[in-house]
Amino acid sequence: MTNNQRNVQNIESVIHYPFSKIEKNWTGFWLKKKIYEPDFQRAKKPFYNLMMFPYPSGEGLHVGNMYAFTGSDIFGRFMRMKGYDVFEPIGLDGFGIHSENYALKIGVHPTKQSKISEKRFYKQLLTIGNSFAWNYRLETYDPNYYRWTQWIFLQLFKNGLAYRKKSPVNWCVSCKTVLADEQVIAGKCERCGSQVIKKELEQWFFKITEYAEKLLNNINKIDWSEKIKISQRNWVGKSEGALIKFKIQSSKFKVDDIEVFTTRPDTIFGVVYLVLSPQYGLAKNLESKIKNLKEVKKYIGQTKREFNDFNNSLQERTVENKEKTGVELKGIKAINPANGEEISIWMADYVLGNVGTGAIMAVPAHDQRDFEFAKKYKLPIKKVIIPNLSTYEVNRLEGEGVYEGEGILINSGKFNGMPSQKVKLQIIKFIGAKKKTQYRLRDWLISRQRYWGPPIPVIFCENCKKLLENSLSRPNLDNSCAKSFSKGELENPGWIAVPEKNLPVKLPFVKDFKPVGAGKSPLASVKSFYETKCPKCGSKARRETDVSDTFLDSAWYYLGYLGTVANSKFQGLNSKSTPSSFQYSPFSNPLITKWLPVHCYIGGAEHAVLHLFYSRFLAMVFKDLKIFSFEEPFTVFRAHGLIIKEGRKMSKSKGNIVNPDEYIKKFGADILRMHLMFIGPFKEGGDFRDSAISGIVRFLNRVWDLGLSILSSNKNKGGPKSEKILPWLHFSIKKITEDIENLRYNTAIAELMIILNNFNEFPEKVSSADFKIFVKMLAPFAPFITEELWFIFGEKNSVHLSDWPKYNPNLIRKKTFELVVQINGKVRDKRELNIGIKEDEVKKIVLAGEKVKSFIKEKKIIKIIFVPDKLINIVING
RNA sequence: GGGCGAGUGGCGGAAUGGCAGACGCGAUGGACUCAAAAUCCAUUGGCCGCAAGGUCAUGAGAGUUCGACUCUCUCCUCGCCCACCA
């Protein structure tokens, strides 16, 4: 056994302060005194400090959750001490596939399991030392919450932003269930590893693409971690290009056009063939001219089988750089609109049916994929762009390689010699093409054929469908029928909104909640649920049995918390309020204007494009529906890093999950909090290891011991006077303040350690006032021990409500500084000099120094660089 | 294939144009102890040197600069995200 192992085993027995008693006491005290609950009406400086609420897995709170929450809480506590009215809520994202899968695994019904997990999570969350506003929690599976999730669906539906369309879903062959995209890992099922295929199902979508431009443009206006902004930009995936029509000819007869989308119209002269996706719908008159139609059909069938009716995920199709295959459509040719050349037409599997128009123009000289294909089938390769001649890229011209960059046009008729970037629009005009902006972003598919989610609140009525279709087919007749339908109902004939007063559509208890397969939710086998009457015409109708995506639950929870606040005053404060029950809807809440948008949001980067993107989309919709006046829900967002273990992500399957409970039991929350924050920069995460925890134990032991000794010496001798505050302490205040503002908690803790080391040099000289400044700065990191010391020192109000120490710039300013003397950039000497000393004077002093003289000797001084109050560099020859 | 990030002692990391390695872990030596743990003190990047000191060193190579861990370019390695998006 190494010393290290021994240390870790025994260390908890050497903690000097009774942490478990202290932490229990103060938790109770804070709750009782409600010190973390702002006065929402009267608050002068509201600060909404949001952290991503966890989904309550059965395993309990993960150390990764605690890492994120501690980091967010430190900032919240800091802001509270800076005088802000901080609202720091917590809740559970308990609806959805994660929780359902866990329930399936252990064989406990999710309604029951959610209550068990809820209890466990809240119990754990109470121990981690966060300053949660405990009275305003929420759970997404609470009918009072999902009533409003359903309400949101209805608003989008009524306003034409929700529609129904056939779309493929991920389907695990062996589990017979629908999977979410994130459960499909490289085309395989996350749980059983078997093949995932796609099935066509009718699904509900939100028209997020209508907001693509705004979602993109607003990114420039928000203060978010840069990498999240970049991910979101890529997710929108705006590309500007052109739609180009190619005329098709078959032995002098014009047949039909094929339209392609390209971002590189400038390479039009390099187009030497066209490629259609195997999914491309060939027009009949085109088909009839193809001489090898049999072969083509065979190829279509072959790729169809290979790609599971074309429905495999794109990922599956692109796996391992699969060799491209294809077949020429013989007997027909396309005309390059730029130069009138006849070019061949191919069908190949590297062109996707669902991207662009399902057809491309191939420029093998300037596109890697086209190049590979052209090589294989011995097609011509025509260079039309060369890199700017001034660059060294010229050499590459001679080679066979593909040049995908911008450059100067060649072989391009009258455009020769022009720069490719500038020529795009001219070429579009020249060939009579259309400018087109395309987005990668797809509409948000919100249907889930699962159990554990909010039922989508719509009803299908055959009668209304007929009525509507009749009325629409005879527009000249009386249209009063159609007028009574909302936009969503008109656009999705037969689908009728559940009236808002009938919300929530409660999720019924279904004993066998396992996904049934056949692309249906388990609710589809619950007659009492789906059998209903049409709210419009009263005839027999069928309820939608799909539930909505978990991300819809979490896309508005920041409003949900405020909803619970607004309603809490109509309820005894001791009983839990909900977002819905009383006076205010979370969407017509007088607190919205005062408390939103969220001031600081901290969470994981893994939500860069899902949760954060959907939340932004819905906020924009809410703004357009005049629910509130802002369009970005989170003013500031910071992504924290990931805590890993032994270099790998923590996961159940690897068995390397760290449970915070054990550590809290052994060391207390203060020590675990500080240990987590000291691992590395909060924004970067780090490797969780036991070895360094003893450093934090020693640190807090010394804090405790020093506190007690200052107290006893003060009692005995009166102690040092408080006005003698040390200048270096003010430097530390500045440093710690700035570090916390930038979430650099690791260096803030290092500075706290320096203060303590300095105190311990001459403990008898430390006044209790100085010590209390230190306690305050330690408080956000270690809320319990600091509160205990604070009260031991005779304070009557919580340290967490005290004011953050201010530093005095005059005290930090020193009289002298250490001048670094360099010769040719190397440090050769140091001098203690007065601040503000003039260059001439410094030169005189430095050049007179024996050391410097010995270096210079006969050599010539070429020049001298002087940086005031910092450095002098003497440049000599040789 | 694309995007983003990272690469610094035995380890986690600090320094973002001006003294590389703050702070912490670990290790070594010492004090205390019957002994251990804890605690305290000292040392702790490599090489040369008795020492003073010198010298090399921030993934590799170039460049800019009086001066580069820091800025620029090329390459290598690792991580994350996206991925035949035309």
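Chain A is the first sequence line, chain B the second, and so forth, proteins listed ahead of strands; every chain is numbered from 1. Note that the coordinates shown come from a computational prediction; the quantities given were computed from them, not determined experimentally.
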Say you pick atom [atom1] in [N] and the same atom in [M]; how far apart are they, in whole Å?
{"N": "A60(B)", "M": "G49(B)", "atom1": "P", "result": "26 Å"}
{"N": "U43(B)", "M": "G9(B)", "atom1": "C1'", "result": "15 Å"}
{"N": "U44(B)", "M": "A22(B)", "atom1": "C1'", "result": "15 Å"}
{"N": "G12(B)", "M": "A62(B)", "atom1": "P", "result": "28 Å"}
{"N": "G10(B)", "M": "G26(B)", "atom1": "C1'", "result": "8 Å"}
{"N": "C84(B)", "M": "C71(B)", "atom1": "P", "result": "33 Å"}
{"N": "A20(B)", "M": "G67(B)", "atom1": "C1'", "result": "14 Å"}
{"N": "C19(B)", "M": "U28(B)", "atom1": "C1'", "result": "27 Å"}

Worksheet entry | F246(A): partners by ring-ring contact (aromatic ring centres under 6.0 Å, His included), with sequence neighbours left out | none

Fill in: Which residues share a ring-ring contact (aromatic ring centres under 6.0 Å, His included) with Y67(A), sequence neighbours left out
F682(A)

Worksheet item: List RNA chain B stems (3 or more consecutive Watson-Crick/G-U pairs, under 3.5 Å)?
Response: B:1-7 with B:76-82, B:10-12 with B:23-25, B:26-31 with B:39-44, B:45-48 with B:53-56, B:59-63 with B:71-75

Worksheet item: How would you label the contact of S231(A) with the nucleic acid (heavy atoms, under 4.0 Å): base, sugar-phosphate, or nothing?
Response: nothing

Practice prompt. Tell me what R744(A) touches on the nucleic acid: a base, only sugar-phosphate, or nothing, going by heavy atoms under 4.0 Å.
Written response: nothing

Practice prompt. Could I get the full list of side chain to side chain contact (heavy atoms under 4.5 Å, CB included) partners for P681(A), not counting sequence neighbours?
Written response: E684(A), N746(A)

Worksheet, complete the sentence: Taken in chain and number order and not counting sequence neighbours, the residues that satisfy side chain to side chain contact (heavy atoms under 4.5 Å, CB included) with T263(A) are S239(A), F261(A)

Worksheet item: What are the two closest non-hydrogen atoms of N701(A) and V14(A), and how far apart are they?
Response: ND2-O, 3.1 Å

Worksheet item: What are the two closest heavy atoms between G686(A) and I679(A), and how far apart are they?
Response: CA-CG2, 3.8 Å

Worksheet item: Toward the 5' end of RNA chain B, which comes first, V875(A) or N701(A), by nearest nucleotide?
Response: N701(A)

Worksheet entry | 5' priority, RNA chain B, between K227(A) and G685(A) [closest heavy atom] | K227(A)

Discussion item. With a 3.5 Å distance limit and no angle check, can you tell me whether R689(A) reaches the backbone of D687(A) through a side-chain donor-acceptor pair?
Written reply: yes

Discussion item. By nearest atom, which of the nucleotides C40(B), A86(B), C85(B) is closest to the R442(A) side chain?
Written reply: C85(B)

Would you kindly give the [atom1]-to-[atom2] distance between [X] and [N], to the nearest whole Å?
{"X": "H607(A)", "N": "C81(B)", "atom1": "NE2", "atom2": "C1'", "value": "14 Å"}
{"X": "R702(A)", "N": "G24(B)", "atom1": "CZ", "atom2": "C1'", "value": "10 Å"}
{"X": "I228(A)", "N": "C81(B)", "atom1": "CD1", "atom2": "P", "value": "12 Å"}
{"X": "Q232(A)", "N": "C4(B)", "atom1": "CD", "atom2": "P", "value": "16 Å"}
{"X": "I671(A)", "N": "G24(B)", "atom1": "CD1", "atom2": "P", "value": "16 Å"}
{"X": "K436(A)", "N": "A86(B)", "atom1": "NZ", "atom2": "C1'", "value": "13 Å"}
{"X": "R440(A)", "N": "C81(B)", "atom1": "CZ", "atom2": "C1'", "value": "11 Å"}
{"X": "N234(A)", "N": "C80(B)", "atom1": "CG", "atom2": "C1'", "value": "14 Å"}

Strictly under 3.5 Å: I want the nitrogen or oxygen pairs between protein and nucleotides 55-57 of chain B, one per line.
| unit_1 | atom_1 | unit_2 | atom_2 | d |
| --- | --- | --- | --- | --- |
| U55(B) | OP2 | R828(A) | NH1 | 3.1 |

Indicate whether OP1 or OP2 belonging to [N] is found under 4.0 Å from a side-chain N or O atom of [X].
{"X": "S277(A)", "N": "C84(B)", "value": "no"}
{"X": "R369(A)", "N": "A86(B)", "value": "no"}
{"X": "R698(A)", "N": "C40(B)", "value": "no"}
{"X": "R233(A)", "N": "C4(B)", "value": "no"}

Residues in salt bridge (charged side-chain N to carboxylate O under 4.0 Å, His left out) with [X], at least two apart?
{"X": "D869(A)", "value": "none"}
{"X": "D367(A)", "value": "R369(A)"}
{"X": "E839(A)", "value": "K843(A)"}
{"X": "E741(A)", "value": "K82(A)"}

Discussion item. Could you tell me if the side chain of I755(A) sits less than 4.5 Å from the side chain of N758(A), heavy atoms only?
Written reply: no

Item to complete: Show your working on ring-ring contact (aromatic ring centres under 6.0 Å, His included) between F688(A) and Y663(A) and close with a plain yes or no.
Response: CA-CA 12 Å; F688(A) 186 91; Y663(A) 285 83; 5.3 Å; yes

Discussion item. If the threshold is 4.0 Å, N to carboxylate O, is there a salt bridge linking E738(A) and R744(A)?
Written reply: no

Worksheet item: Is G67(B) syn or is it anti, if syn means the base angle is within 90 degrees of 0?
Response: anti

Protein-nucleic acid N or O pairs under 3.5 Å, nucleotides 7-11 of chain B:
none

Item to complete: Decide side chain to side chain donor-acceptor pair (under 3.5 Å) for N742(A) and R638(A); before the verdict, give the C-alpha distance in whole Å, the side-chain angles of both, and the deciding distance to 0.1 Å.
Response: CA-CA 10 Å; N742(A) 292 300; R638(A) 294 287 177 265; over 6 Å; no

Worksheet item: Quick one: what's the B/S/- string for nucleotides 16-23 of chain B, heavy-atom cutoff under 4.0 Å, read 5' to 3'?
Response: --BB--BB

Worksheet item: Run the ring-ring contact (aromatic ring centres under 6.0 Å, His included) check on F373(A) and W346(A) step by step: do they pass?
Response: CA-CA 10 Å; F373(A) 191 76; W346(A) 291 71; 5.6 Å; yes

